[in-house]
Each structure stands twice: as structure tokens, then as C-alpha cells.
Q: 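For reference, the structure I am asking about is given below.
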Amino acid sequence: MTDSRLPAAYLRPGTSSFADFVSDQAPDLLPGRRAVPQGNAGDLAPHGTTIVGATFAGGVVLAGDRRATMGNIIAQRDIEKVFPADELSAVGIAGTAGLAIEMVRLFQTELEHYEKIEGTTLSFDGKANRLAALIRGNLGMAMQGLAVVPLFAGYDLQAGRGRLFSYDVTGGRYEEHGFHSVGSGSLFARGALKKLYREDLSEADCVMAVVQALYDAADDDSATGGPDVARRIFPVIQVITAEGGRRLSDAEVAEVADRMIAGRMSAPDGPRAELPGVSTSSTTERP
């Protein structure tokens, strides 16, 4: 006896991919299948900007600024761009904000659906591949200026370390080592992390390094928002270790940002790296 309230497709054993099921049964619900006017529509929608990720000895940190822009206008000052995907991974979004948030929700459901159907979680590489497929499905939108380019981070239990993956608009995925950044301020953020990053960073030092990088990105990129001390709006930071992921509280991030800004009062361009053959005093003094 069948349940007349549900179509037969919902009652048959099927694929472990929720996105494939939706593509077969209700393709118009997928973000990349919606019709948009011809031409470049990118300037009509708010965009998320800079996402930074870095690994440390016990895991990985993923952080995002809070600004969304629409052309030369600040569309939102406190948007959230970093989301947990499951217990051991997270996604930071850059690009068209509305589509990116829908894609993250679909990805979260994709991972949960797989776990319920298969009775086990996807491997970390499997998660990265599933996200790549969702991005590939948005290629038509990307060609009209509505691109989504996330940064995927998490802890790989099999490898015993934190890992980072970046993507292009065609769904190509690339493993990044140490640190990476995406979005309009990514060049400046990566430049800052080149001077600050070490493989033996502690969790606290890694968090400080990504906050420093976001601050430097905001210093040179108008679309990236730095810590807003007047409104007390600070970056969203997700820390993922073998024990799972957790979002740092606003109070924790505020304390890190306040310490960082206090240091910038005497060193506006940030801390200088210690260079071989150069004394410590000469690297910290500024004219």
C-alpha cells in the first residue's frame, strides 16, 4: 500500500545525493536553474567579499568579514559569510550573497542526507567533491555575473589534520596548503598571511593571524569591512579541530580584534616578520 500524500519517487530507494534528487524531481528549486534576465546581473545583487582560512597544528580556522556590497554601495554591514557544513567542516562564501547562502543550505542538506541514507559520513574529499558539483551547477548564473566562489575548510579525521579547498566558477577544486583567501580583498589578505603564517601556529595565534589579514584586506579593499569598533561588529570565525567545529563568540572575537587594533596604534601597517640576519629591534621599530 502506498501513501497517496507523497509521490512515488519520494518512497523509492534512490541516490544518496539530495541535489541529484531535487534535480530530477523539482529542478526549478535549485539556485542555478532559475531564470534571470539576459546580460550581466551581477551589479544588481549584494556581494560577499573576503574569506580567509589557515591551518594550525590542531586544525583549521575559517574567517570572514561582515560587509556586503552592491556596486559602490555598502548593502549590509553585518552579513554572515561563514557557515558550518557539518560537525567537522565549514564554508565561507564570496560572490553573490543570496545564491551563495542558498548553495550553503543545499550543501548542508546534501551532507545530512548522505549520512542518513548511507549510515556514515562522507570523507573529506567526498565533501569537497559534492560542493564542487553544486558550484558547477551554478555555471549558467556565473556567466551572467552571479558567481559563487566559496572556501571550504575542515578537519580530515583520516589524514589527522585541517585542510582547505578553493574553487573556481566551473567547479574546479584545488587543495590549498597552509592558508588561502577568496574574494575581492583576497590578494591583500594572502599578502599579510605570507608574513604571519607558520606551520606551528597555536589556535590562538592562528585566529590572530586571520584577523590581522582581514584588517589588512579592509585597509586596501573598499569592499572588505574591517572590525567595526563603533558598532561592535567583528568577523565571524569558525575553528575546527578533531573534536568538532565551534564558532567563536562575539566577545572572544572582540577581545582579539581590540588587542590587534591596540597594536596597530603604534604599528599601523601591522607586525613585521623577523628576517634572517636582521636583529629583532630593527624589525619592530618604525620611523
Side-chain angles (χ1 to χ4, degrees), residues 17-20 22-23 27-53 62-71 74-76 78-86 89-112 126-154 164-176 180-187 189-190 214 217 221 223-225 235-236 238:
S17 170
F18 180 76
D20 288 349
V22 175
S23 180
D28 55 304
L29 295 179
L30 294 174
R33 299 290 186 90
R34 293 172 185 164
V36 297
Q38 294 297 312
N40 192 312
D43 292 338
L44 303 178
H47 279 64
T49 49
T50 308
I51 303 295
V52 176
L62 190 64
D65 78 306
R66 305 293 296 275
R67 178 174 292 178
T69 60
M70 190 163 55
I74 297 175
Q76 190 171 349
D78 61 352
I79 189 173
E80 297 196 3
K81 309 174 192 176
V82 175
F83 304 91
D86 64 4
S89 62
V91 183
I93 57 170
T96 307
L99 285 176
I101 292 171
E102 285 195 42
M103 187 176 294
V104 168
R105 289 172 178 164
L106 181 59
F107 183 51
Q108 292 168 332
T109 306
E110 177 86 349
L111 299 185
E112 185 177 354
K127 296 173 189 178
N129 287 336
R130 289 294 174 96
L131 182 55
L134 296 181
I135 297 168
R136 193 175 304 117
N138 193 58
L139 183 58
M141 292 286 196
M143 293 298 100
Q144 297 188 61
L146 300 174
V148 176
V149 187
L151 186 61
F152 180 56
L164 285 166
F165 280 95
S166 65
Y167 299 84
D168 61 34
V169 295
T170 67
R173 70 173 182 88
Y174 314 95
E175 183 161 10
E176 307 295 342
H180 196 66
S181 181
V182 297
S184 63
S186 60
L187 292 178
R190 283 203 298 273
L214 287 174
D221 174 44
T224 303
V236 173
Q238 187 84 2

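Scope of the values below: all heavy atoms of this structure, side chains included, with no hydrogens, waters or symmetry mates.
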Q: Taking all atoms of both residues into account, what is the closest heavy-atom pair of Thr49 and Arg67, and its distance?
A: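 Heavy-atom minimum between the residues: OG1-O, 3.5 Å.
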Q: How close do Gln238 and Ala90 get, heavy atom to heavy atom, and via which atoms?
A: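 Closest heavy-atom pair between Gln238 and Ala90: CG-CB, 4.0 Å.
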Q: Take Val182 and Tyr167, measure what side-chain contact (heavy atoms from CB on, under 4.5 Å) needs, and give me the verdict at the end.
A: CA-CA 9 Å; Val182 297; Tyr167 299 84; over 6 Å; no
Q: Grab the two heavy atoms, one from Ala189 and one from Thr50, that are nearest each other, plus how far apart they are.
A: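 In this case the closest contact between Ala189 and Thr50 is CB-CG2, 4.4 Å.
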Q: Test of understanding: with salt bridge (charged side-chain N to carboxylate O under 4.0 Å, His left out), list the residues that count as partners of Glu112, not counting sequence neighbours.
A: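 Once residues adjacent in sequence are excluded, the partners of Glu112 under the salt bridge (charged side-chain N to carboxylate O under 4.0 Å, His left out) criterion are Lys116.
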Q: Between Arg66 and Pro235, is there a donor-acceptor pair closer than 3.5 Å when you use the side chain of the first and the backbone of the second?
A: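 Flag not set: sc Arg66 to bb Pro235 has no pair under 3.5 Å.
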Q: The criterion is salt bridge (charged side-chain N to carboxylate O under 4.0 Å, His left out); which residues satisfy it with Asp86, sequence neighbours excluded?
A: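 Asp86 satisfies salt bridge (charged side-chain N to carboxylate O under 4.0 Å, His left out) with Lys127 only.
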Q: Which residues pass the ring pair (Phe, Tyr, Trp, His ring centres under 6.0 Å) test with Phe152, not counting sequence neighbours?
A: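 Ring pair (Phe, Tyr, Trp, His ring centres under 6.0 Å) list for Phe152, sorted by chain: Phe107, Phe124.
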Q: Determine, stepwise, if the pair Lys81 / Val236 fulfils side-chain contact (heavy atoms from CB on, under 4.5 Å).
A: CA-CA 7 Å; Lys81 309 174 192 176; Val236 173; over 6 Å; no
Q: State the CD-CZ distance between Glu176 and Arg190, to the nearest 0.5 angstrom.
A: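 Nearest 0.5 Å value for the CD-CZ distance: 7.5 Å.
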Q: Say you draw a straight line from OG of Ser181 to CG of Leu214; how long is it, rounded to the nearest 0.5 Å?
A: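 Reported to 0.5 Å precision, the distance equals 7.0 Å.
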Q: Tell me the closest heavy-atom pair linking Ala147 and Val169, and the distance in Å.
A: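 That would be CB-CG1, 3.7 Å.
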Q: So Val148 and Ile135, do their side chains get closer than 4.5 Å, heavy atoms only?
A: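 A side-chain contact is absent here, since even the closest heavy-atom pair is not under 4.5 Å.
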Q: Shortest non-hydrogen contact from Asn138 to Leu146?
A: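 Closest approach of Asn138 to Leu146, heavy atoms only: ND2-O, 3.2 Å.
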Q: Distance check, rounded to the nearest 0.5 Å: Arg130 atom CZ versus Leu111 atom CG?
A: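 If we round to the nearest 0.5 Å, Arg130:CZ and Leu111:CG are 8.0 Å apart.
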Q: Less than 4.5 Å apart, side chain to side chain, heavy atoms only: is that true for Glu110 and Leu131?
A: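 Of all side-chain heavy-atom pairs linking Leu131 with Glu110, none is under 4.5 Å.
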Q: To the nearest 0.5 Å, tell me how far Ile101 CD1 sits from Ile93 CD1.
A: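 The CD1 atom of Ile101 sits 4.5 Å away from the CD1 atom of Ile93.
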Q: Measure across Ala94 and Gly183 and return the closest heavy-atom pair with its distance rounded to 0.1 Å.
A: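 Looking at all heavy atoms of both residues, the shortest contact is CB-CA, 4.0 Å.
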Q: So how far is it from Thr224 OG1 to Asp221 CG, rounded to the nearest 0.5 Å?
A: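 Separation between the atoms: 3.5 Å.
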Q: At what distance, to the nearest 0.5 angstrom, does CG of Asn129 lie from CZ of Arg136?
A: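 Result: 8.5 Å between the selected atoms.
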Q: Find out whether Thr170 and Leu139 are in side-chain contact, i.e. whether some heavy atom of one side chain is under 4.5 Å from a heavy atom of the other.
A: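 The answer is yes; the side chains approach within 4.5 Å.
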